[in-house]
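See below for the structure under consideration.
Every value quoted in this text rests on a predicted model; they were computed, and no experiment measured them.
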Amino acid sequence: MAEYEACILGLKLSIDMNVQELSVIRDSDLLVHQVLGEWATKNTKILPYLYYVQELRNIFTKIEFKQVPRIQNEFPDALATLSSMIQHPDKNFIDPIPVGIHNHPAYCAHIEEETDGNLWFHDIKEYLAKGEYPEHANHTQKCTLQRLSNHFF
């Protein structure tokens, strides 16, 4: 989140300075690839930051994101030091991004006990061995069986 907050602050400063074309150089491999859409994020706390950066990207006529290895980050380090010396008109304030934290999972998998005496993977094993669905499987169960069988060999 700190990487995203620094990026957002830099983008907002550039917008305030009426910059039209921008090259963003980061040593965070994760941030650059997520912003470019090459990598997905499963962390729900980062998603609002990612969406906000993508929203800010649209303000520029041309913007590129580049990643440099941490070992070669002298230039980004120098820019970070310089940016820390510049006072943003809003006193370096970034609008808060609300992040909700739930005490319970957003979904759960309810697994009923098998009444036929077979182990939980019996239907998957039979599907892989014979290519046939269980006798009374409905469409949803067949799709689930296909999806689950992709992870077994």
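Residues D16 and S14 are not in side-chain contact: their nearest non-hydrogen atoms beyond the backbone lie 4.5 Å or more apart. The shortest side-chain heavy-atom distance between L145 and P134 falls under the 4.5 Å cut-off.
The two atoms that bring Q141 and H136 nearest to each other are OE1-O, 3.8 Å, heavy atoms only. V24 and L22 make their closest contact through CG2-CD2, 3.8 Å (heavy atoms, listed as atom of the first residue, atom of the second, distance). Across all their heavy atoms, K66 and V32 have their closest contact at O-CG2, 3.7 Å. The shortest non-hydrogen separation linking Q34 to A40 is NE2-O, 4.0 Å. Nearest heavy-atom pair, I124 versus S149, reported as atom, atom and distance to 0.1 Å: CG2-CA, 4.0 Å. Across every non-hydrogen atom of K12 and L56, the tightest pair is CG-CD1, 4.1 Å.
Ion pairing between R57 and E55 fails under the 4.0 Å rule for side-chain N and carboxylate O.
Residue K142 places its NZ atom among more than 12 non-hydrogen atoms of other residues, nucleotides or ligands, all under 6.0 Å distant.
Between Y49 and Y4, the angle of the ring planes lies from 30° to 60°, which puts this pair in the tilted group.
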Exercise for review: Mind running side chain to side chain contact (heavy atoms under 4.5 Å, CB included) on L9 and C7 for me, showing each step along the way?
Suggested key: CA-CA 5 Å; L9 182 60; C7 185; over 6 Å; no

Review point. When you look at F60 and L11, which way does the side chain to side chain contact (heavy atoms under 4.5 Å, CB included) test go after all the steps?
Key: CA-CA 9 Å; F60 297 93; L11 292 174; 3.9 Å; yes

